Amino acid sequence: VTSWDEAFAERYEEWSADMTADVPFYVELAREADGPVVELAVGNGRVAVPVARAVRRTVIGVDSSPAMLAQARENAKAAGVELDLRQGDMRDLALEEPAALVYCPYRALLHLPTWADRRRTFERVAAALRPGGRFAWNAFAFDHAIAARLDGHRQEEPVPHELRYDVGDNRVDIVLDGGGTSSLWWATRNEWLGLIDVAGLEVEALYGGFDRRPFDESSREYVWVARKPS
Amino acid sequence: MMAAVGGFDAWAGDYDAWSGGVTADIPFYVGLALETEGPLVELAVGTGRVAIPVARQTGRRVLGIDNAPRMLERARERVAEAGVDVELRLADMRELEVDEPAGLVYCPFNALLALPTWADKRQVFERVAAALRPGGRFAWDAMVLDPQTAARDHGAARPRDGGRVWEYVEHSPADNRVDVATYVGGFDREPQRISLWWATRSEWEGLLESAGLEVEELCGWFDRRPFDEGSREFVWIARKPG
């Protein structure tokens, strides 16, 4: 199973147009970072461009998709900011200089299918961070009611698509009309805690939203900030 | 002393009625015990529903542990009636210790899901790995959270056992938890409450890897059919490298 079909790149800007709430959250973390800032799955630069503008520094952006990186390059140029864009797999992350902040917005860690893929990413992130450096990401909490309602149903917004769930594989496929599939493998809070644990990171905060509200029973988004022990 | 998990102790009197309809797992665990050499250990042995037929059909001793004293009392009676060799110990599975390395440790009936956090589950897996002999096996079953079933059951009371038992289910997605309140013999009685923290396939894989165990088989049911997209039960057989 591939987690990303390049045909999705053509509709990505429309697909992500309504997602803006995460930008101030990641910008704020970048402002607090005293050292290199790295975005995993940088995509078209939707978050990295405002982050680079806010911190007035180069942001390193990693993505496995050449089509998305081409969009990011154009967006960075148009915005007049420096992005150091690198085509690569986040499971192979390697930096020349330890990072103060690695972040991964928009549920992109869920593109990693298995425990082994995620564990490797977490270990690479931990190795890439300086002591005291942070790793931040967000991911949805699996809600049975949403899955029961949307499985197999077509939706018009933001781009016509259908969601197909495979719960045995904890996977949802987003299938765009006219081609382009993106797959997400959801994780429980316990799995995230396990990944943090095995990578030797510590939980700094678990928020229930980008406004830093505490995570509670009503939350449906995990917004994690982890830290490498100093 | 760790906080007890499970909430089964107060339930011992009604547990047999509640679990009486569950039988499909017994031949599976019996079969594993028959094909595995060495000491047999059941985690969360409860009232001996599985351990008794395992001991009977293998002719071997089963060590059964549980953290609920009243469940163990009931198990003791049933073991004596059956005349089988089951040694019962009051213990928390997170603190599992065995006298002799086990050939098979098994944990039926979603019981690992009574452990709330990653740390609890990881500790159990590590203890199990330490308790196994090289080549020894760890087997357990756990539900796959099915969204259609969960949506149907959430907030609803459902009858079991011809209406003698009613279950009231609530799901908490943020905590990957399902709370089950079971009313036996009427809604005027205090229900028995348990919580299960469901896990995904990748979470189980993480626990195995962290404990240094290997997947031998992932089945989708107790007849050992392969796990596939339609499966709604994880039936795991793991192995300590030999």
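Every chain is numbered from 1, with letters handed out A, B, ... down the list of sequences. Excluded from the calculations below are hydrogen atoms, water molecules and symmetry mates; all remaining heavy atoms, backbone and side chain alike, are included. Given the structure is predicted, the values throughout are model-derived calculations rather than measurements.
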Among B/Gly206, B/Ala151, B/Ala150, single out the residue with the greatest number of heavy-atom pairs under 4.5 Å to chain A.
B/Gly206
What pairs with A/Asn190 under side chain to side chain donor-acceptor pair (under 3.5 Å), at least two apart in sequence or on another chain?
none
Interchain contact, A/Arg189 with chain B, by part (heavy-atom threshold 4.5 Å)
both
What part of A/Asp143 is in contact with chain B, defined as an atom under 4.5 angstrom from a non-hydrogen atom: side chain, backbone, both or neither?
both
Validation row: A/Trp115, B/Thr200 side chains within 4.5 angstrom (heavy atoms):
no
Looking only at A/Ile146, A/Asp197, A/Asp151, most heavy-atom pairs under 4.5 Å shared with chain B are made by A/Asp197
I need the minimum non-hydrogen distance between A/Asp216 and B/Ala174, along with the two atoms involved.
O-CB, 3.4 Å
Where does B/Arg177 contact chain A at under 4.5 Å (heavy atoms): side chain, backbone, both or neither?
side chain
I'd like to verify something: which residue of A/Ala147, A/Ser218, A/Gly194 has the highest number of heavy-atom pairs under 4.5 Å with chain B?
A/Gly194
Check whether B/Asn176 gets within reach of chain A through its side chain, its backbone, both or neither, counting any heavy atom under 4.5 Å.
side chain
Taking atom CD of B/Glu205 and atom CZ of A/Arg119, what is their separation to the nearest 0.5 Å?
11.0 Å
Distance, nearest 0.5 Å, that separates CZ of B/Arg201 from CH2 of A/Trp185:
10.5 Å
Between A/Tyr222 and chain B, which part of the residue has a heavy atom less than 4.5 Å away: side chain, backbone, both or neither?
side chain
Using ring centroids (six-membered ring only for Trp), state whether B/Trp198 and A/Trp186 fall under 6.0 Å.
no
Taking atom CD as the centre, does B/Glu97 end up with more than 12 heavy-atom neighbours from other residues, nucleotides or ligands that are less than 6.0 angstrom away?
no
Return the NE2 to CD distance between A/His144 and B/Gln148, rounded to the nearest 0.5 Å.
10.5 Å
Partner of B/Ser202 by side chain to side chain contact (heavy atoms under 4.5 Å, CB included), out of A/Asn170, A/Asp169, A/Asp117:
A/Asn170
Go through the atoms of A/Val167 and report whether side chain, backbone, both or neither lie under 4.5 Å from a heavy atom of chain B.
both
Write down the atom of B/Phe227, the atom of A/Gly168, and the distance for their closest heavy-atom approach.
CE2-O, 3.5 Å
Shortest non-hydrogen pair, A/Glu191 vs B/Glu203, comes out as OE1-N, 3.7 Å
Value for CG (B/Leu145) from OG1 (A/Thr188), rounded to nearest 0.5 Å, stands at 11.0 Å
Hey, what do you get for NE2 (B/His171) to CD (A/Glu217), rounding to the nearest 0.5 Å?
13.0 Å
